[in-house]
Amino acid sequence: MNPLKLAVFASGRGSNFLAILEAARAGRLSAEVKVVISNNPEAGALVTARENNIPAIVVSKKDYTDRTAFVRAMLTPLSEHRVEMVILAGYMKKIPPEVVDAFEHRILNIHPALLPSFGGQGMYGHHVHEAVLVQGCRVTGVTVHLVDRDYDRGPIVAQRCVPVEEGDTPDTLAARVLKVEHQIFSESIQLFAEGRVTVTGGRVRIRP
Ligand code: GRF
């Protein structure tokens, strides 16, 4: 089986990206990260990429007056590196529809809650965990899903529950959720690497 060629999009520290690299190195994931793209020149993910000799590029909308040029700047490295799947690992910007269409059912996002609850615009980072605590939820979790044109709405590939514990703060909860993110993301990508995922009528089927 040839390793699945990935692009990772990340805006921040990139711990999910690192977990993917480690899973690949450990032989738990048959994939290779060919390029990392960030909107944020300060992203830790770019540092990790460079330390691992992976091409790391900043593509930020604000550097482009022309929309077409911006979309091209995103799509060109993906085709140059023959990327088969795009992994959003803490990517805080909306993916342009042209990129969504070019990679239909091949863009995977991770969300630190059980979608469709606690998703959508503005629901990112600590906002998610705060909202879960305000609601008094007893469980939260992680969702890995395919990306379509709507925020946090694409077909769900995998979900896992995480308990909310007495006295949790957004930080303690985020840390517990993050540990699960680091496992479930690579496991989900591996399903694609093994060619076991199909999407019909907006729902994911995983061949046993
Ligand atoms: C994660 O909690 C992920 O679910 C969300 O953004 C965070 C990124 O963390 N989409 P990191 O940059 O991978 O450490």
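One-based numbering, in listed order, for ligands and for the atoms of each.
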Legend entry - Donor-acceptor side-chain pairing of Thr140 and His129 below 3.5 angstrom: no
Inset, instruction - Could you tell me whether some N/O pair between His111 and ligand 1 is separated by less than 3.5 angstrom? - result: no
Inset, instruction - Quick one: look up the protein heavy atom nearest atom 7 (C) of ligand 1 and list residue, atom name and how far away it is. - result: Gly90 CA, 4.2 Å
Inset, instruction - Fit a plane to each ring of Tyr91 and Phe9, take the angle between them on a 0 to 90° scale, and name the class: parallel (under 30°), tilted (30 to 60°) or perpendicular (over 60°). - result: perpendicular
Inset, instruction - Assess Gly14 for proximity to ligand 1: is some non-hydrogen atom of it under 4.0 Å away? - result: yes
Legend entry - Positive for side-chain contact (heavy atoms from CB on, under 4.5 Å) with His105, one of Val204, Val147, Val199, Thr198: Val199
Inset, instruction - May I ask you to check whether Gly12 has an N/O atom sitting below 3.5 Å from an N/O atom of ligand 1? - result: no
Legend entry - Met123, His126, Glu181: member with heavy atom nearest to atom 4 (O) of ligand 1: Glu181
Inset, instruction - Classify the side-chain pair Gln183/Glu187 by whether it contains a donor and acceptor separated by less than 3.5 Å. - result: no
Inset, instruction - Could you tell me whether Asp66 and Arg72 make a salt bridge, using a distance below 4.0 angstrom between a side-chain N and a carboxylate O? - result: no
Legend entry - Heteroatom proximity flag, Ser15 to ligand 1, N/O under 3.5 Å: yes
Legend entry - Test item: side-chain donor near acceptor, Ser11 and Asn40, under 3.5 Å: no
Legend entry - Protein residue, atom and distance nearest to atom 9 (O) of ligand 1, heavy-atom basis: Arg13 NH2, 3.4 Å
Inset, instruction - Report yes if some N/O of Ile110 lies less than 3.5 Å from some N/O of ligand 1; otherwise report no. - result: yes
